[in-house]
There are 2 protein chains.
Amino acid sequence: MTETIEAFLGRGRKATINDVARLAGVSKKTVSRVINNSPSVHARTRDDIAEIITRVGFRPDPQARGLAFRRALLIGLIYDNPNAQYIVNMQMGALDRLRGSGIELVVHPCTWHSETFLSELRDFLESQRPSGVIVLPPIAEDRQLLDLLEELNVPRVRVTARTSGDGNAAIGREIVSCDDIGCAEAGAHVAGLGHRRIGYIGGNPDYPSAHVRRHGFETGLAAHGAAIAPDLDEPGNYSFESGYAAARRLLRRPDRPTAIICANDEMAAGAYKAAFEADLRIPGDLTLIGFDDAPIADRLSPPLTTVRLPTRDMARMAADLLVSRPATADQTMTVPSALIVRGSSGAPKAGL
Amino acid sequence: MTETIEAFLGRGRKATINDVARLAGVSKKTVSRVINNSPSVHARTRDDIAEIITRVGFRPDPQARGLAFRRALLIGLIYDNPNAQYIVNMQMGALDRLRGSGIELVVHPCTWHSETFLSELRDFLESQRPSGVIVLPPIAEDRQLLDLLEELNVPRVRVTARTSGDGNAAIGREIVSCDDIGCAEAGAHVAGLGHRRIGYIGGNPDYPSAHVRRHGFETGLAAHGAAIAPDLDEPGNYSFESGYAAARRLLRRPDRPTAIICANDEMAAGAYKAAFEADLRIPGDLTLIGFDDAPIADRLSPPLTTVRLPTRDMARMAADLLVSRPATADQTMTVPSALIVRGSSGAPKAGL
DNA sequence: CTGAAAGCGCTTACAG
DNA sequence: CTGAAAGCGCTTACAG
């Protein structure tokens with residue numbers, strides 16, 4: 001060892017793998033093995049190199065590694081979802097896991113129903129070659145996208161919803177939320193309050209979550225001998241406007257519901273508006289239930305009873321699969337949902 | 001040219017700069033000049049190479065370019081801001097400009113008041129060496145962060161708010177919103193409606209926007225001979241809770257305001273809650289004004305009159321500065337704001 | 001206006 | 001368990 005670490009540090013230059021190798025008296029290939037946690041390095045050698053790496057503050061250059069690996073040290077987050085808080089939570093969760101790993105998060109919003117949806121994604125994947133991607137609902141259901149990912153051999157984790165205990169086979173690796181669990185709690189809550197004229201505003205039927213949630217609500221209601229009134233069963237598409245329109249129809253009826261369950265918070269906010277315009281008080285005249293625990297939920301007056309998903313955790317788990325585990329077989333990781341009771345739910349008035 | 005393009009394409013391999021050079025009968029250096037828009041290439045040569053690039057679908061590898069440039073083809077978005085929609089809009093705006101440029105957007109949320117705020121950022125900047133960063137409010141005010149960016153020589157654009165026509169010197173390159181313009185319109189709107197008992201809930205005074213907005217509201221009010229009542233002037237910090245608490249204080253007074261102007265929508269939503277609890281109707285009993293045009297604004301009942309900023313445009317401009325213009329001198333680009341009148345503002349009841 | 005050589009900082013494939 | 005050579009796909013610095 002002709003040069004000391006102190007002398008090297010005095011130069012004020014960023015350390016490279018060559019510096020570490022020279023200082024440690026080994027080849028850079030051996031340093032590379034330490035960086036990449038190869039098991040075949042003598043423990044003593046590994047410790048020596050690790051210490052030098054720490055002392056000189058060496059951090060391998062992600063560009064150089066990416067070039068040699070033929071794969072960028074980037075994880076892509078692919079989505080077409082209008083719920084800003086959901087997106088931000090997913091980003092935070094992924095970043096929770098990525099921080100310190102030397103891998104960065106690249107965001108890739110896209111437009112599912114655009115002509116160039118697939119070609120744009122192909123461009124991105126072919127030119128950047130990310131180490132992995134996380135695909136969020138609803139485009140996690142796009143078969144062509146999944147095929148593209150398979151064709152380009154991009155490690156991937158999809159996020160979706162499914163009924164708990166459902167025996168359906170996994171599609172690749174996936175993080176699955178059991179939206180039905182919290183919905184069943186919500187159904188039981190509403191029925192337990194004494195409601196029997198219960199309306200429902202459904203989610204977009206193209207998304208699995210719409211069916212999973214509905215099934216959960218029905219299960220909870222049924223446990224208390226209640227059900228969605230067949231004449232109060234309205235379609236919706238998860239948008240504020242669709243919730244508003246559906247609630248207007250429901251609230252104009254002479255035999256209007258005493259409670260309306262909505263498949264998400266956006267539509268529930270639309271129902272607040274309809275109730276406001278019909279001069280109905282919540283929860284005195286009308287109980288309202290949502291799903292998502294969106295920021296709006298506890299900013300509405302009164303705050304909305306809703307169901308929460310561990311969004312951030314889901315993204316953290318997805319990033320973990322990508323970063324620390326090679327894709328072997330199909331695999332499903334499951335998370336629950338939970339009811340959050342707030343001020344929008346109460347007992348129906350006597351006589352209604 | 002010993003090999004034809006057709007023959008090359010038949011191989012089904014991704015084209016590299018070497019393939020293009022060979023096919024064009026030039027050195028790869030010349031191809032590199034074309035990629036990087038160097039002016040010193042014969043027009044004929046350039047066109048020939050450009051055509052081959054198109055035909056073989058060559059896209060330079062960002063990893064290789066990054067390594068050679070000693071700068072990743074990545075733009076970082078740095079922020080500590082709880083407003084999810086604002087963040088998502090900024091991401092969309094930056095991506096609007098970046099799409100097709102070969103540069104990706106890396107998101108970097110951080111915690112301003114954490115011990116490791118600066119060291120984490122330094123790690124990120126030193127190891128990734130992004131081509132540029134966009135810094136969002138409020139951390140765009142952090143002098144130490146700006147110094148760090150200067151020290152590491154990272155091209156940067158900060159986003160901030162300033163009163164229109166303010167002669168303050170730019171701090172580096174910045175995108176500045178004139179929050180006061182829309183606020184002045186809002187002040188004039190409220191005063192024009194006939195309000196004279198006007199309350200105010202201010203923003204966090206540590207942020208420039210709090211002062212700029214207040215100044216705008218006051219200007220608009222003054223133009224119609226009105227003003228914020230000195231006894232109805234409440235501090236706030238942009239949070240829902242601070243808006244709720246301040247509005248409660250204001251609405252409990254016997255001589256309560258007929259209108260409350262809030263420095264953002266979050267606080268206005270808190271004021272809705274206070275009004276709801278005090279059994280006051282909006283706008284009949286109380287006019288409410290916000291700022292941001294957050295998603296919540298038109299989901300409240302009635303929808304909130306507020307001021308909108310062209311958030312997405314600002315990010316697009318910031319990305320454009322970074323991508324297409326070398327940082328020469330300090331530079332300020334300015335955008336206006338505008339009033340959006342909705343249902344939460346109306347004339348005060350006679351007698352109040 | 002164009003090119004040959006060297007280099008960016010890593011890893012792969014092979015050998016021992 | 002370790003290393004010498006070649007290579008990943010570009011750009012820089014220099015020369016002409």
Side-chain angles (χ1 to χ4, degrees), chain A residues 8 11 13-50 52-53 56-74 101-103 126-131, chain B residues 8 11 13-50 52-53 56-74 101-103 126-131:
Chain A
F8 171 79
R11 297 203 217 149
R13 190 166 56 68
K14 271 184 59 182
T16 71
I17 197 173
N18 286 308
D19 299 316
V20 174
R22 186 163 32 76
L23 257 15
V26 299
S27 75
K28 60 186 185 179
K29 176 59 212 176
T30 297
V31 178
S32 172
R33 288 195 177 91
V34 172
I35 296 171
N36 293 293
N37 294 311
S38 159
S40 58
V41 178
H42 194 89
R44 174 71 196 284
T45 311
R46 168 186 309 281
D47 292 347
D48 286 352
I49 294 176
I52 291 175
I53 285 177
V56 301
F58 167 64
R59 277 170 320 209
D61 182 328
Q63 302 293 311
R65 296 228 292 167
L67 181 57
F69 276 139
R70 292 160 191 73
R71 189 126 268 186
L73 279 88
L74 260 25
S101 71
I103 297 178
E126 284 188 342
S127 70
Q128 296 293 333
R129 270 173 284 122
S131 299
Chain B
F8 170 80
R11 296 204 218 150
R13 192 166 55 69
K14 273 183 61 182
T16 71
I17 196 173
N18 286 308
D19 299 316
V20 175
R22 186 165 30 77
L23 257 15
V26 298
S27 75
K28 59 186 186 181
K29 175 61 210 173
T30 297
V31 178
S32 172
R33 286 193 178 91
V34 173
I35 296 171
N36 293 292
N37 293 312
S38 159
S40 58
V41 178
H42 194 90
R44 175 73 195 285
T45 312
R46 167 186 311 282
D47 293 346
D48 286 353
I49 294 176
I52 291 174
I53 286 178
V56 301
F58 168 64
R59 278 167 322 207
D61 182 329
Q63 301 291 313
R65 297 228 291 167
L67 181 58
F69 276 140
R70 290 160 192 73
R71 191 125 267 188
L73 278 87
L74 259 24
S101 72
I103 297 179
E126 284 187 343
S127 68
Q128 296 292 333
R129 269 172 287 122
S131 298

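Values reported hereafter were calculated over all heavy atoms of this structure, with side chains retained and with hydrogens, waters and symmetry mates removed. Below, chains carry the letters A, B, ... as their sequence lines are ordered, and counting in each starts from 1. Since we're looking at a predicted model, the values are computed, not measured.
A salt bridge links R22(A) to D19(A): at least one charged side-chain nitrogen sits closer than 4.0 Å to a carboxylate oxygen.
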Notebook entry, point to check: Under the salt bridge (Lys or Arg N to Asp or Glu O under 4.0 Å) criterion, do R59(B) and E126(A) qualify, and how do the steps go?
Noted result: CA-CA 9 Å; R59(B) 278 167 322 207; E126(A) 284 188 342; 3.0 Å; yes

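Closest approach of A21(A) and S27(A) over heavy atoms only: CB-C, 3.8 Å. Heavy-atom minimum distance, R65(A) versus L73(A): NH2-CD2, 3.7 Å.
Rounded to an integer number of Å, the gap from I53(B) CD1 to dG9(D) P is 16 Å. Atom CG of L73(B) is separated from atom P of dG9(D) by 16 Å (rounded to the nearest Å). Distance, H42(B) NE2 to dG3(C) C1': 17 Å, rounded to whole Å. Separating the CD atom of Q63(A) from the P atom of dG9(C) is a distance of 12 Å, rounded to the nearest angstrom. When rounded to the nearest whole Å, the span between CZ of R71(B) and C1' of dG9(C) equals 17 Å.
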Note to self: Output the pairing pattern of DNA chain D as a dot-bracket string, 5' first, Watson-Crick or G-U wobble with both distances under 3.5 Å, | for cross-strand pairs, [ ] for crossing pairs.
What the structure shows: |||.||||||||.|||

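If you check every strand for non-hydrogen atoms under 4.0 Å, S40(A) touches a base. Among the protein residues, P39(B) comes within range of the sugar-phosphate backbone only, with heavy atoms under 4.0 Å from sugar or phosphate atoms but none that close to a base.
Under the 3.5 Å distance criterion, the side-chain polar atoms of R46(B) are matched with a main-chain donor or acceptor of S38(B).
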Next item on the list: For each nucleotide in nucleotides 10-16 of chain C, reading 5' to 3', give B when a protein heavy atom comes within less than 4.0 Å of its base, S when such contact involves only the sugar-phosphate, and - otherwise.
Entry: BBB----

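Taking the side chain of L67(A) as heavy atoms from C-beta on, and the options dT2(C), dG3(D), dC8(D), the nearest nucleotide is dC8(D).
Just one of T16(A), V20(A), I52(A), N36(A) meets the side chain to side chain contact (heavy atoms under 4.5 Å, CB included) condition when paired with V31(A); it is V20(A). For the side-chain hydrogen bond (donor to acceptor under 3.5 Å, both in side chains) with D61(A), the qualifying choice from R129(B), R70(B), Q128(B) is R129(B), the only one to do so.
When the side-chain nitrogen and oxygen atoms of T45(A) are compared with OP1 and OP2 of dT2(D), one or more of them lie within a distance under 4.0 Å.
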